[in-house]
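Small disclaimer: the values here were computed from a predicted structure and weren't measured. Order of the sequence lines sets the chain letters (A, B, ...), proteins ahead of strands, with each chain counted from 1.
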Number of protein chains: 2
Amino acid sequence: MRYDITIGEAARISGVKVPTIRYYEQIGLLPAPPRTEGNRRTYDDSDLRRLAFIRHARELGFEVSGIRTLLALQSDLTQSCGAADAVAREHLAEVEKRIASLTALKAELERMIEGCSHGRLAECKVIEVLADHGKCEHAHH
Amino acid sequence: MRYDITIGEAARISGVKVPTIRYYEQIGLLPAPPRTEGNRRTYDDSDLRRLAFIRHARELGFEVSGIRTLLALQSDLTQSCGAADAVAREHLAEVEKRIASLTALKAELERMIEGCSHGRLAECKVIEVLADHGKCEHAHH
DNA sequence: GTAATTCCTCTAGCCGCTATAGGAGCAAGC
DNA sequence: GCTTGCTCCTATAGCGGCTAGAGGAATTAC
């Protein structure tokens, strides 16, 4: 156990950049750690775990507000996990929506590129499709 | 042909909101239109086409810088379409990357939710997986 | 003639950082 | 001791792509 981890070490270990750690403290996602006499932040293992948690959740695309909820839940492990489950489910639905719209987009881009005759721009499908929304099957949000 | 379209009409026709149209003018994506005596913007059909082009490209996820390139290309239709093609291809690659990572994420979220025993949070996989990056197969960017 | 709507400009805010400026602290080599 | 170079500190501003609000002028509808 170490309780004298500098912000730089915490950044290297957690993979969260130094300014981002300070930012997380500022927005209350990470508790303000004790300081040395020289006013430097000192982190301990629990801070590293929290940072890892935050980083992973961010990588998974959770918003900060969702992470806040998850962190609050995590701190009371005796509670039912229904709320954590709900946050994750909500996020899953969001991810599925994004995948669907990106897949439609991919198809459209492929048609655009395929249709490009590699000749004069006047016949270029890329420009044409973008210029005329009616020419594509892109889902109208 | 109409050359006296108000910003509100342009917004209704193009589906781009009024403040967004003004914003596009501000960042130079849309030319500053002539004004009436009462200082109101007056648009014409070519502005509407440009707005539709921008809107569609944004819906397709193109960044403003990419749209700027496409608009510049569009204005010189005698050029080769190679550059437009390149912008679209680049964007396609980006979209494919996003789909891949979102699909991996979806799988992970599903495992998390499935693993949740709906009992005490202490055994909840959602929290557990988020707390320990090693427990998942999420691609390390 | 007046009330409602639309328009104008300007500024600030959103998210999740990232970058910069201008210092202070600290460890290592000479 | 002294300097070099690294890390750290705070504070502020910027990114993209808008969106929201204030406060006012012009136009339109009745």
Let me check something: any side-chain donor-acceptor pairs from residues 22-37 of chain A under 3.5 Å, sequence neighbours excluded? List them with distances.
residue	atom	partner	partner atom	Å
A:Glu25	OE1	A:Arg41	NE	2.8
A:Arg35	NH1	A:Asn39	O	3.0
A:Arg35	NH1	A:Asn39	OD1	3.3
A:Thr36	OG1	A:Gly38	N	3.2
A:Thr36	OG1	A:Asn39	N	3.4
A:Thr36	OG1	A:Arg40	N	3.0

Give me the distances for all protein-to-nucleotides 21-30 of chain D N/O pairs that come in under 3.5 Å?
residue	atom	partner	partner atom	Å
D:dA26	N3	B:Arg40	NH2	3.4

(request) Whole angstrom is fine here: how far is it from CD1 in A:Ile67 over to C1' in C:dC15? (result) 12 Å

(request) Find the distance between CZ (B:Phe62) and CD (B:Glu90) and round it off to the nearest 0.5 Å. (result) 9.5 Å

Taking N or O atoms only and anything under 3.5 Å, show me the protein contacts with nucleotides 16-20 of chain C, one pair per line.
residue	atom	partner	partner atom	Å
C:dG16	OP1	A:Val64	N	3.4
C:dG16	O3'	A:Arg58	NH2	3.4
C:dC17	OP2	A:Tyr24	OH	2.8
C:dC17	OP2	A:Arg58	NE	2.7
C:dT18	OP2	A:Thr20	OG1	3.1

(request) Please state how far atom CZ in B:Arg41 lies from atom P in C:dC8, giving the value in whole angstrom units. (result) 5 Å

(request) Test B:Leu51 against every option in B:Val16, B:Ile13, B:Thr20 by the side-chain contact (heavy atoms from CB on, under 4.5 Å) rule and name the one that passes. (result) B:Val16

(message) Please report the interatomic distance CG(B:Asp47) to CZ(B:Arg50), rounded to the nearest 0.5 Å.
(response) 8.5 Å

(message) Output the rounded distance in Å from CZ (B:Arg35) to C1' (C:dC8).
(response) 8 Å

(message) Give me the atom names and distance for the closest heavy-atom approach of B:Ala10 to B:Ile5.
(response) N-CG2, 3.6 Å

(request) Output the distance between atom CD (A:Glu9) and atom CG (A:Asp4), rounded to the nearest 0.5 Å. (result) 7.0 Å

(request) Mind calculating the distance between CD (A:Glu9) and P (D:dC6) to the nearest angstrom? (result) 17 Å

(message) Nearest whole Å is fine: how far is C:dC15 C1' from A:Glu94 CD?
(response) 15 Å

(message) Expressed as a whole number of angstroms, how long is the span from B:Arg22:CZ to C:dT6:P?
(response) 12 Å

(request) For B:Glu110 and A:Leu92, work out which heavy atoms get closest and say how close. (result) CG-CD2, 3.8 Å

(message) With a 4.5 Å cut-off on side-chain heavy atoms, are A:Tyr43 and A:Ile21 touching?
(response) yes

(request) Look up atom CD1 in A:Ile54 and atom CZ in A:Arg49, then write down how far apart they are to the nearest 0.5 Å. (result) 13.0 Å

(message) Please report the distance, rounded to the nearest Å, between CD in B:Glu59 and P in D:dG17.
(response) 15 Å

(request) Using a 4.0 Å heavy-atom cut-off across all strands, classify B:Ile7 as base, sugar-phosphate, or nothing. (result) sugar-phosphate

(request) Could you check how far CD1 of B:Ile21 sits from C1' of D:dA20, rounded to whole Å? (result) 17 Å

